[in-house]
Structure formats: C-alpha cells, structure tokens
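Scroll down for the structure; my scribbles are underneath it.
Read the numbers this way: they start at 1 and go in the same order the structure lists the ligands and their atoms. Small disclaimer: the values here were computed from a predicted structure and weren't measured.
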Amino acid sequence: MPVKRIAVLASGRGSNFQAVIDAIARGEIPASCCGLITDNAGAYAIERAKKAGIPVYIVDYGAYPVKDAYEQALCRVMKDLSADLYILAGYMRILGGGIVKHFHGQLMNIHPALLPGFPGLHAQRQALGYGVKVSGCTVHFVDEGMDSGPVIIQACVRVEEEDDEETLSARILALEHRCLPEAIRLFCEDRLIIDGRRVRILPGSATSPER
Ligand code: GAR
C-alpha cells in the first residue's frame with residue numbers, strides 16, 4: 001500500500017503529535033509526516049518535530065492583521081505540503097470555511113470529550129461541571145461547525161468521585177494517544193468512508209495490525 005503523506009497542526013504541548021510520530025516510527029501507520037504547522041512560535045510541538053526530523057511551518061497568528069490574512073497564509077502552507085491528511089492535534093483555533101471546504105474529507109480533529117457533548121474549549125472542565133459520569137475523547141472529520149464533523153472513533157473513561165480537571169484530563173489524554181494514531185491508521189489504509197453524518201469503517205486486510 002502506498003505510504004500516505006500526513007501533516008499535523010498543533011498549537012502547544014504536542015503530546016498527541018508525539019503519539020503519532022511514535023506510531024509511525026513503530027510501523028503502525030503507513031504514512032510519513034511531511035510537516036508540523038503551528039500558529040504559535042512558542043509551541044513545544046516544534047521541539048518534538050525537530051527531534052523527529054519533521055519540517056516545521058510557523059504561521060504566527062499574531063503576525064497577521066486580520067483572521068482572513070492568517071487563514072490565507074495557512075491555506076497556502078497546507079496546499080504547498082499537498083498532504084493526503086491534515087490532523088488537528090491540539091490546534092486551538094477554528095479553521096475558516098475556505099480551508100474546510102477545500103480540504104473536505106482530509107481534515108481530522110481530536111477532541112477531549114464525547115461529542116456532541118462539550119465542544120469547544122475546556123471540554124474536561126465542562127464535563128465535570130455538568131456532572132457526567134462518563135467522558136472520553138472523539139476523533140472526527142472536520143466540517144464547518146465547531147467540533148461537529150462525522151465521528152471516526154470514540155473511547156470513554158469513567159468520571160470518578162475524586163476527579164478534578166487535571167486527573168480527568170490526564171486519563172482522557174492517555175486514551176487520545178491511542179485513538180488518534182488508530183484513526184490515522186484507518187485513514188491511511190483507505191478504510192474510512194464518509195457517508196453523510198456517519199463514518200463507515202471498512203474491514204482490515206489480513207496484514208492489518210489488529211488481525
Ligand atoms: C488535547 O487534549 C486535545 O484533545 C485538545 O487539546 C489537547 C492538546 O494536547 N484539543 C482540543 O481541546 C480541541 N478542541 P497536546 O498538545 O498535548 O496534544
């Protein structure tokens with residue numbers, strides 16, 4: 001199977017990005033990472049990319065007078081990379097409609113809650129505030145809404161009596177580090193079909209790692 005080109009967008013720590021780098025290095029995803037794109041010149045994800053020999057593209061949000069100009073610059077970088085898949089791994093901005101339309105079916109996001117519950121910022125704090133007993137993470141394709149595109153994978157954790165935002169976030173993050181590489185692998189194996197709101201997952205071949 002031809003190796004896919006993937007690019008990652010991240011704004012900060014980049015632990016999900018690291019999970020993807022590691023999964024590729026272990027041969028679990030038939031892909032090569034052609035770039036890290038970040039809106040934040042101080043993002044720790046940049047160190048991770050350098051260490052892995054992945055090219056870094058900084059599109060500094062603060063350097064543009066209006067959001068439109070930033071989006072145009074971002075779109076140019078994304079087009080130049082010509083990746084098969086762009087992964088939002090802790091990318092903390094909403095992508096503009098132009099980018100979402102252009103890259104339809106090629107944008108994947110990870111969110112630290114069971115969508116459609118608790119979209120947007122501080123999802124774990126929202127979940128605790130609501131008092132849910134179960135939370136988790138969602139990997140989904142990106143559409144024009146906020147955290148609203150078709151769901152690829154979800155996984156859940158129990159919310160314990162003694163949980164605070166930090167402990168719940170840490171347990172969800174451990175799940176994210178499994179779910180994101182898994183969703184990328186399915187994409188790279190051409191096993192994801194978007195069918196309206198649903199994402200159908202085709203069965204794996206005899207050589208798939210889950211067999
Ligand atoms: C992750 O928990 C990710 O799900 C979340 O930001 C964190 C980034 O961590 N994303 C969102 O909340 C997007 N709505 P990381 O930089 O260590 O991967």
Considering only heavy atoms of Ser15, which atoms of ligand 1 have at least one such atom less than 4.0 Å away? 15 (P), 16 (O), 17 (O), 18 (O)
For Asn109, all residues meeting side chain to side chain donor-acceptor pair (under 3.5 Å), sequence neighbours excluded: His140, Asp147
Nearest-option assignment for atom 16 (O) of ligand 1, heavy atoms, candidates Gly14, Gly90, Gly12, Cys179: Gly14
Check: Tyr91 N/O within less than 3.5 Å of ligand 1 N/O: no
Counting only heavy atoms not in Lys50, do more than 12 fall under 6.0 Å of its NZ? no
Per-atom contacts of ligand 1 with Arg13, taking only distances under 4.0 Å to non-hydrogen atoms: 9 (O), 15 (P), 16 (O), 17 (O)
Under 6.0 Å from the CZ atom of Arg197, do we count more than 12 heavy atoms belonging to anything else shown? yes
Begin with the C-alpha distance, continue with both residues' side-chain angles, and end with the deciding distance and a verdict on side-chain contact (heavy atoms from CB on, under 4.5 Å) for Leu114 and Cys156. CA-CA 7 Å; Leu114 294 175; Cys156 56; 4.0 Å; yes
How far is atom 14 (N) of ligand 1 from its nearest protein heavy atom, and which residue and atom is that? His111 ND1, 3.2 Å
Taking the side chain as C-beta and beyond, is there a heavy-atom pair between Thr138 and Ile110 under 4.5 Å? no
Tell me whether ligand 1 is touched by Gln18 - counting only heavy atoms on the residue side and a distance under 4.0 Å. no
Sub-4.0 Å atoms of ligand 1 with respect to non-hydrogen atoms of Glu176: 1 (C), 2 (O), 3 (C), 4 (O)
Using the test side chain to side chain contact (heavy atoms under 4.5 Å, CB included), find all partners of Arg125 that sit at least two apart in sequence or belong to another chain. His122, Glu165
Can you pull out the closest protein heavy atom to atom 5 (C) of ligand 1? Residue, atom name and distance to 0.1 Å, please. Pro112 CD, 3.8 Å
